[in-house]
Amino acid sequence: MTPKCEAHKYRHNPSILFLSQATRERSRHEASSSSSVCVCDFTMLKASIQRYPFDICGSILERRILQSAINDSLLSRRIVRQQISLTRRTVKPVSATASSLEADASTLLTVEAENDVLKALSQIIDPDFGTDIVSCGFIKDLQVDDISGEVSFRLELTTPACPIKDLFEKQANEVVAALPWVKNVTVTMSAQPPKQIFSAQLPAGLQTISNIIAVSSCKGGVGKSTVAVNLAYTLAGMGARVGIFDADVYGPSLPTMVSPENRLLEMNPEKKTIIPTEYMGVKMVSFGFAGQGRAIMRGPMVSGVINQLLTTTEWGELDYLVIDMPPGTGDIQLTLCQVVPLTAAVIVTTPQKLAFIDVAKGVRMFSKLKVPCVAVVENMCHFDADGKRFYPFGRGSGSQVVEQFGIPHLFDLPIRPTLSASGDSGIPEVVADPQGEVADIFQNLGVCVVQQCAKIRQQVSTAVMYDKSIKAIKVKVPDSNEEFLLHPATVRRNDRSAQSVDEWTGEQKLMYGDVPEDIEPEEIRPMGNYAVSITWPDGFSQIAPYDQLQTIERLVDVPQTVSA
């Protein structure tokens, strides 16, 4: 736009023309010091206010002109704010319209400052989710005062055991403090772990547990209980609220490995619930604390006892519940995997080939039940003597599990007399020697578990979603890079429940024409790691396993985006 055209556009509003000229003048002086820019702007704005007092109130505060001034430079934000205040004191009376415009201008400036802060914070990427902390929804209670340069906010993580929370806090301080107008930054760290996604369908005792980790081996004597207990206390040392459940009724190990003052479980007579015992901040339940020692009973009775102990306990709010699984792949294991929404599993093995054969059975069981195995711990791997490392039981079992089943992380535990002794003394090794080699290995295992659980929950929560803009269901199954689209009516017609298909004859009860072509799901909720629950307008709740969704006819021609 030529100067002539610009003057013609604003010929009836010289104050607006002045502001445009002042803005260009400020741009020409950007290379000079900030104080000279302030003097130039204040002098010229003051002269304009005195010359066009009522026009200042009515026109110079127009939103489009203010936004132009705001966008011109960061420094203009303070200039405009101070000139608004000066105008209000100088020009009498101030009309209601001018007051409203003044309030709008102040709001625009505050929003612009908040956007600056959020844009700066969006540079920080969460390595687990692969996106920035603003998109993850971690920034809470943002307060900005761009005149004083004060910024405060709360960084709310999904677990208090986040291994990089200190790094997040440091980075947040640095990127916000780097903004030219910011003088002071206050960052408060907090954590709000996500609850079970389908908690309403769980027993009351499990509804407030965020993550449930199974430590399994399917073979006895490999050190599974040692790993479970030390992992639990490592997570607690990272700041998490942790519980341990000893699921071995025939030979419970927990009473030997920890030394709580109260060694008997108590019952809440009113609620008919079990109150767990506690040791060094970790809640724990074991049949060994029930006053029965070790059970002598048949399998179905054991499954009932395990179910009762686990689901009727008042666990309270826990970030992680570690389950010390018994060996084998029988009734107890299947009961636990079906009753409890396991987040992930940690596999324990030893170097021998015989251990690998049994462990492989357990990994396959978890695979069928859609429970991700996130780490392998190879116990009793080696020992050091005379400056050399010896492998008395051979090598390769743990690596073989990782390679054959694609489990991402392997941790080697050495043969240590102190590790064995701590299991008998009632004090976990990571507590007795928190700076030792074993504690360092468990620290790495704890970080792995925290990161993998966060990643799994993110994958599950976004695995199946309805995109209203294209009226299609988006599917991206966890641990798969493939994403595809399904027509809602096709998904509804492929329901295999008794309401849609006769259980005895296999006859189709739900006819093609019974489902409207334009049907849309009302809600899609994850069901553990294996399926989603889809609620339809007629009130029907369809359980759709991932395996089934992958076999349904897919949308090839993607619908055009539907405008809102």
Side-chain angles (χ1 to χ4, degrees), residues 129 131 135-138 156 158 192-204 206-212 338-343 369-372 453-480 482-501 509-555 558-564:
F129 298 152
T131 188
S135 300
C136 289
F138 292 169
E156 185 179 84
T158 57
Q192 183 60 48
K195 299 296 182 288
Q196 290 290 347
I197 301 173
F198 53 109
S199 61
Q201 304 173 23
L202 297 176
L206 303 179
Q207 291 181 5
T208 55
I209 301 174
S210 298
N211 301 279
I212 302 178
Q338 291 170 351
V339 171
V340 180
L342 295 176
T343 307
L369 296 170
K370 305 298 181 185
V371 178
C453 284
K455 188 179 297 184
I456 289 167
R457 292 187 67 92
Q458 177 71 6
Q459 291 175 342
V460 168
S461 64
T462 58
V464 183
M465 303 178 69
Y466 180 63
D467 189 333
K468 197 172 183 65
S469 65
I470 59 175
K471 294 190 174 182
I473 295 176
K474 289 184 176 181
V475 182
K476 186 176 182 181
V477 177
D479 296 329
S480 171
E482 182 185 21
E483 183 176 85
F484 54 90
L485 301 176
L486 300 175
H487 195 289
T490 304
V491 174
R492 178 68 179 87
R493 290 168 182 144
N494 277 271
D495 176 54
R496 308 306 299 168
S497 69
Q499 188 168 333
S500 303
V501 180
K509 295 163 63 177
L510 179 69
M511 297 294 104
Y512 186 93
D514 295 339
V515 180
E517 197 66 26
D518 60 350
I519 192 171
E520 296 183 63
E522 291 187 342
E523 185 183 21
I524 299 179
R525 294 181 295 111
M527 296 285 292
N529 299 319
Y530 67 95
V532 291
S533 172
I534 307 176
T535 303
W536 299 100
D538 59 1
F540 178 67
S541 183
Q542 176 183 353
I543 305 300
Y546 296 148
D547 291 346
Q548 181 191 4
L549 292 175
Q550 289 177 302
T551 63
I552 294 177
E553 181 182 359
R554 303 177 182 183
L555 275 174
V558 180
Q560 295 296 319
T561 301
V562 179
S563 59

Side-chain donor-acceptor pairs of residues 509-517 under 3.5 Å, sequence neighbours excluded:
from   : atom 1 : to     : atom 2 : distance (Å)
Lys509 : NZ     : Ala498 : O      : 3.0
Tyr512 : OH     : Arg493 : NH1    : 3.3
Asp514 : OD2    : Met511 : N      : 2.9
Glu517 : OE1    : Arg493 : NH1    : 3.4
Glu517 : OE1    : Arg493 : NH2    : 3.0

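Electrostatic pairing of Asp518 and Lys471 does not count as a salt bridge here, judged by no charged N lying under 4.0 Å from a carboxylate O.
Here Asn494 contributes atom CG and Glu553 contributes atom CD; the two are 9.0 Å apart, rounded to the nearest 0.5 Å. To the nearest 0.5 Å, atom CD1 of residue Ile534 and atom CD1 of residue Ile524 are 5.0 Å apart. The CD atom of Gln550 lies 10.0 Å from the CG atom of Leu486; values are rounded to the nearest 0.5 Å. With values rounded to the nearest 0.5 angstrom, Leu485 atom CG is found 5.0 Å from Ile470 atom CD1.
Residues forming a side-chain contact (heavy atoms from CB on, under 4.5 Å) with Glu156 (at least two apart in sequence, or on another chain): Lys140, Arg154, Ser190, Gln192. Remark: Gln499 pairs with Ser497, Phe540 by the side-chain contact (heavy atoms from CB on, under 4.5 Å) rule, at least two apart or across chains. With sequence neighbours excluded, the residues satisfying side-chain contact (heavy atoms from CB on, under 4.5 Å) with Glu482 are Ser480, Phe484, Arg554. Qualifying side-chain contact (heavy atoms from CB on, under 4.5 Å) partners for Thr462, counting only residues two or more places apart in sequence or in other chains: Gln458, Met465.
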Residue pair Val464, Tyr546: steps toward the side-chain contact (heavy atoms from CB on, under 4.5 Å) verdict: CA-CA 9 Å; Val464 183; Tyr546 296 148; 3.9 Å; yes

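Minimum interatomic distance between Ala472 and Tyr466 (heavy atoms only, all atoms of both residues): O-CD1, 3.4 Å. Contact between Val532 and Pro526 at its shortest, heavy atoms only, is CG1-CA, 4.1 Å. Closest non-hydrogen pair, Thr343 versus Pro372, comes out as O-CD, 3.5 Å.
Not one N or O on the side chain of Arg496 forms a donor-acceptor pair closer than 3.5 Å with the backbone of Gln548. Under the 3.5 Å distance criterion, the side-chain polar atoms of Thr535 are left unmatched by any main-chain donor or acceptor of Ser541.
Within the 4.5 Å cutoff, the side chain of Glu520 has no heavy atoms near those of the Pro488 side chain. Within the 4.5 Å cutoff, the side chain of Leu549 has no heavy atoms near those of the Ile473 side chain. Inter-residue side-chain proximity for Gln542 and Val491 is flagged as met; some heavy-atom pair is nearer than 4.5 Å.
The environment of CD in Glu523 is crowded: more than 12 heavy-atom neighbours from other residues, nucleotides or ligands sit within 6.0 Å.
Residue pairs meeting the salt bridge (charged side-chain N to carboxylate O under 4.0 Å, His left out) criterion with at least one partner in residues 531-545, sequence neighbours excluded, are Arg492-Asp538.
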